[in-house]
Amino acid sequence: MPEVRGPPPAKRFRAGPGVPGNRGAMLPGGRRPLLGAEALERQRRSLPIFAARGPLLARLRSAECAILIGETGSGKTTQIPQYLYEAGLGRQGAIAVTQPRRVAAISLAARVSDEKRTELGKLVGYTVRFDDVTSEDTRIKFLTDGMLLREAISDALLRKYSFVILDEAHERTVHTDVLLGVVKAAQRRRKELGKPVLRVLVMSATMDVDLFSRYFDGAPVLYVEGRQHPIQVYYTKQPQSDYLHAALVSIFQIHQEAPPSQDILAFLTGQEEIEALCKACRDIARHLPDGCPPLLVLPLYASLPASQQLRVFQGAPKGSRKIVVSTNIAETSITIAGIKHVIDTGMVKAKKYNPESGLEVLAVQRVSKTQAWQRTGRAGREESGACYRLYTEDEFEQFDKMTVPEIQRCNLAGVLLQLLALRVPDVLGFDFVSKPSADRLQAAVEQLELLGALQRKKDEPPALTPTGRKMAAFPLEPKFAKTILLSPRFHCTEEILTIVSLLSVDSVLHNPPSRRDEVQAVRKKFVSSEGDHLTLLNVYRAFRNVGGSKEWCKENFVNSKNMLLAAEVRAQLRDICVKMSMPIESSRADTGNVRRCLAHGLFMNTAELQPDGTYVTVDTRQPVAIHPSSVLFHCKPACVAYNELLSTNKCYMRDLCVVDEDWLYDAAPDYFRRKMRAAPS
DNA sequence: ACGTAAAAA
């Protein structure tokens with residue numbers, strides 16, 4: 001039982017067991033001032049992992065694959081690559097260290113190159129999308145897992161590397177999951193070909209060790225302790241029917257009882273809820289009794305403009321308390337220093353797959369135990385802390401042990417296309433750590449077949465077509481890659497590149513619910529009656545015309561960070577087109593051609609207006625509605641193409657384009673003949 | 001008739 005410091009437990013909570021070890025992500029940690037060589041060495045030696053250095057190296061030398069369980073603060077991610085290098089293990093080929101997130105890859109590389117006293121990009125470097133800071137000399141290379149996967153497309157044996165470290169494997173991102181299979185296959189294939197062995201180290205927090213070990217034929221599991229401060233965990237005595245209300249009450253209980261220097265982090269599920277709770281907090285804070293310190297209330301979620309996100313890192317003015325109300329972005333991606341109290345509603349908004357309807361549903365649901373512990377760990381980063389769980393201990397025991405791996409919840413078309421591009425002999429038989437259901441694999445194969453990316457012959461595994469190979473060159477969802485490939489036929493590649501780029505980053509349109517009227521008024525000038533795609537195109541053109549002015553973005557509720565990212569994506573996609581010798585033309589004022597092209601690329605995602613004013617999809621006759629964020633929300637076009645279906649309260653189509661039914665027949669005659677015959681009309 | 005988590009290529 002960890003010791004209890006900090007404020008006394010709130011009355012409505014009951015103390016439960018403390019944190020059993022920790023399941024944290026190793027966090028990037030900012031750049032710190034350079035220490036003297038001796039001090040630096042002392043610091044490195046003081047890390048928990050240092051004591052394990054010798055035995056660890058001995059095990060890693062004898063095993064081709066090992067699993068390492070390292071708790072937060074063990075120093076595993078920064079130290080192990082250096083140990084391996086110092087022991088001469090990274091001489092024949094470089095050491096790759098993968099991360100699920102860009103910022104982590106970048107800051108870890110910076111940190112390790114500091115420790116090695118070398119310039120970033122020499123001995124130690126990193127590769128992430130849009131940014132490659134490596135050279136011939138780079139022996140320790142941090143990269144995103146998605147980036148290593150891209151590299152594998154041109155070199156499935158990962159010849160550059162002698163060692164691959166897959167970090168944060170417990171997060172089970174799609175990329176990590178696929179990479180596990182790719183690395184395993186490369187390891188075996190290299191052995192068959194008599195090439196130098198590829199060593200693999202899977203690093204994870206505790207929960208899924210057995211799974212990884214079994215997957216790698218009983219690979220040895222090594223443990224390293226962490227350095228985490230004690231956190232007292234409290235549960236509610238009674239189940240809470242209204243977690244928002246419970247969160248509000250808890251916030252003010254802590255606020256009235258704990259010293260104001262102690263900051264609070266509360267986990268909620270989404271933007272609207274967070275903004276509402278923030279407003280409630282500010283309202284209540286204005287009417288608190290005398291002597292109660294002021295409260296600085298800050299929302300945090302991914303679509304929040306960067307300038308507002310950065311505010312969570314600043315300390316509250318002396319004498320007042322900071323409370324950050326966040327989505328699960330603060331679970332792993334953003335680390336806030338100085339958090340003493342965590343409030344966990346136990347809820348998260350996440351995609352899940354509904355096998356009955358075959359639809360992906362974005363729903364508020366219970367977190368897993370792993371996730372709850374991850375949230376708890378956010379309270380003990382610098383010193384001891386407390387976590388208030390707004391559910392009972394019995395309820396907690398009912399939570400799923402682990403979050404369902406993403407690969408079992410997402411559309412697999414992109415994954416399969418990538419596997420095919422990797423020349424995996426039989427994609428349906430691919431050795432996944434957690435195999436997705438056969439139904440979903442089959443659905444992905446059919447989707448790719450309709451897009452012309454693969455061919456199925458009797459008794460043979462599906463094979464990539466030349467179109468499919470081209471599609472795989474684009475870092476995009478298959479349907480968008482196909483749309484780009486189709487665009488020369490409609491002389492609108494310039495426009496399609498812009499639209500696809502805008503759609504492949506987080507929304508460039510910022511919609512603060514509190515300022516809805518303002519947003520609508522200012523956005524009017526961009527709105528196209530032809531739909532959201534062309535509206536986005538107008539926004540981008542306006543943005544370019546003002547030279548990407550930040551001021552303009554602010555005035556127009558445009559997220560400048562995402563806009564600049566979209567511009568980078570566009571440049572990358574354009575490069576790929578140029579390399580393929582695609583003609584890049586503009587359709588100029590002819591928006592009809594742009595819509596024709598979209599109709600050809602998105603023909604699987606179309607819906608028709610019914611006599612009663614509702615819509616049904618052409619594909620499965622599923623009733624759908626136009627999402628309120630669409631510029632077509634108040635319109636009733638006869639036929640639309642959409643980017644995606646999102647099932648929340650209703651099944652909504654997001655990002656719509658008005659299309660002509662005839663174009664769809666042109667795009668996929670067989671498909672529509674089949675669909676229309678099935679439909680009563 | 002009325003609302004979108006996060007992350008990556």
Side-chain angles (χ1 to χ4, degrees), chain A residues 25 98-105 127-131 143-153 168 171-179 267-276 300-304 326-334 347-352 360-365 367 371 403 406 409-410 414-415 417-418 421 472-478 480-481 501 504-507 509-513 516 519-520 532 565 568-569 572-573 576 612-615 624-630 632-636 643-655:
Chain A
T98 69
Q99 294 292 318
R101 280 168 295 279
R102 291 168 54 92
V103 271
T127 307
V128 298
R129 190 180 189 181
F130 307 129
D131 210 359
L143 27 60
T144 43
D145 43 22
M147 209 58 217
L148 188 57
L149 215 46
R150 278 274 139 198
E151 285 188 6
I153 291 183
E168 312 284 21
E171 288 191 26
R172 306 294 307 274
T173 66
V174 178
H175 287 153
T176 307
D177 266 29
V178 176
L179 209 45
F267 285 101
L268 269 64
T269 71
Q271 171 180 346
E272 211 175 68
E273 196 176 89
I274 286 168
E275 293 290 357
L300 180 62
Y301 44 85
S303 62
L304 196 68
S326 175
T327 58
N328 46 341
I329 193 171
E331 251 168 45
T332 48
S333 308
I334 291 180
M347 305 305 277
V348 66
K349 197 177 282 181
K351 262 200 184 142
K352 50 180 191 188
E360 287 173 356
V361 183
L362 189 61
V364 172
Q365 49 196 307
V367 296
Q371 244 176 322
T403 315
E406 206 185 345
R409 289 182 288 140
C410 71
V415 170
L417 186 63
Q418 212 154 22
F474 291 94
L476 293 171
E477 275 180 61
F480 291 136
S501 306
S504 64
V505 300
D506 285 340
S507 175
L509 305 177
H510 180 49
N511 297 317
R516 196 180 301 177
V519 174
Q520 287 224 314
D532 300 299
L565 193 60
E568 266 192 299
V569 173
Q572 186 189 26
L573 300 180
I576 298 170
D612 66 354
T614 64
Y615 285 87
V624 288
I626 298 179
H627 194 278
S629 68
S630 171
L632 298 178
F633 182 54
H634 295 283
C635 312
K636 293 232 176 284
N643 283 350
E644 59 173 355
L645 286 184
L646 182 84
S647 194
T648 49
N649 286 338
K650 265 192 201 172
C651 194
Y652 288 108
M653 302 178 276
R654 265 174 55 171
D655 298 311

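Numbers restart at 1 for each chain; the letters A, B, ... are given by sequence-line order, proteins then strands. Values below: every heavy atom of this structure, side chains too, minus hydrogens, waters and symmetry copies.
- Closest heavy-atom contact between A/I576 and A/A473: CD1-O, 3.4 Å.
- In this structure, A/K650 and A/M147 both approach DNA chain B, and ranking their closest nucleotides by distance from the 5' end singles out A/K650.
- Closest to the side chain of A/T144, from the set B/dA9, B/dA6, B/dG3, is B/dA9.
- Side chain of A/R101, nearest nucleotide from B/dA6, B/dG3, B/dA7: B/dA7.
- Here A/N649 lies in heavy-atom contact (under 4.0 Å) with sugar-phosphate atoms only.
- Taking A/H175 as the reference, nothing meets the ring-ring contact (aromatic ring centres under 6.0 Å, His included) condition, with sequence neighbours excluded.
- A/L149 comes within 4.0 angstrom of nothing in the nucleic acid, heavy atoms only.
- At a threshold of 4.0 angstrom between heavy atoms, the contacts of A/R102 are confined to the sugar-phosphate backbone, with no base atom among them.
- In terms of phosphate contacts, A/T332 brings no side-chain nitrogen or oxygen within less than 4.0 Å of OP1 or OP2 of B/dA6.
- Across the protein-nucleic acid pair, A/D131 atom CG and B/dA8 atom P stand 13 Å apart, rounded to whole Å.
- A/S629 comes within 4.0 angstrom of a nucleotide base, judged by non-hydrogen atoms across all strands.
- Looking only at atom types and distance, the side chain of A/S303 has no donor-acceptor partner in the side chain of A/D506 under 3.5 Å away.
- Contacts of A/I329 with the nucleic acid, taken as non-hydrogen atoms under 4.0 Å apart, involve only primed sugar atoms and P, OP1 or OP2.
- Base engagement by A/F633 is indicated by at least one non-hydrogen atom pair under 4.0 Å involving a base atom.
- Atom-to-atom, CZ of A/R409 to P of B/dA8 comes out at 16 Å; the value is rounded to the nearest Å.
- Screening residues 643-655 of chain A for salt bridge (charged side-chain N to carboxylate O under 4.0 Å, His left out), with sequence neighbours left out, gives A/E644-A/R654.
- Straight-line distance from the CG atom of A/L509 to the P atom of B/dT4: 16 Å, rounded to whole Å.
- Among the heavy atoms of the strands lying under 4.0 Å from A/R129 is at least one base atom, whether or not backbone atoms are also near.
- Contacts of A/Q271 with the nucleic acid, taken as non-hydrogen atoms under 4.0 Å apart, involve only primed sugar atoms and P, OP1 or OP2.
- Out of B/dA7, B/dC2, B/dT4, the shortest distance to the side chain of A/A302 is found at B/dA7.
- Residue-level contact check: A/S507 touches neither bases nor backbone, having no heavy atom under 4.0 Å from any strand.
- For the pair A/E477 and A/V348, nearest-nucleotide mapping onto DNA chain B gives the more 5' position to A/V348.
- Spacing between atom CG of A/L268 and atom C1' of B/dT4 amounts to 16 Å, rounded to whole angstrom units.
- A/Y301 places its OH atom 15 Å from the C1' atom of B/dA6, with the value rounded to the nearest Å.
- Taking atom CG of A/D177 as the reference point, atom P of B/dA8 lies 17 Å away to the nearest angstrom.
- For the pair A/M147 and A/V128, the minimum side-chain heavy-atom distance is 4.5 Å or more.
- Between A/R172 atom CZ and B/dA7 atom P the separation is 19 Å, expressed in whole Å.
- The nearest whole Å value for the distance from the NZ atom in A/K351 to the C1' atom in B/dA7 is 11 Å.
- Between the side chains of A/S629 and A/N511, no donor-acceptor pair of N or O atoms lies under 3.5 Å.
- At B/dG3, none of the side-chain N or O atoms of A/T648 fall inside 4.0 Å of OP1 or OP2 (strictly under the cut-off).
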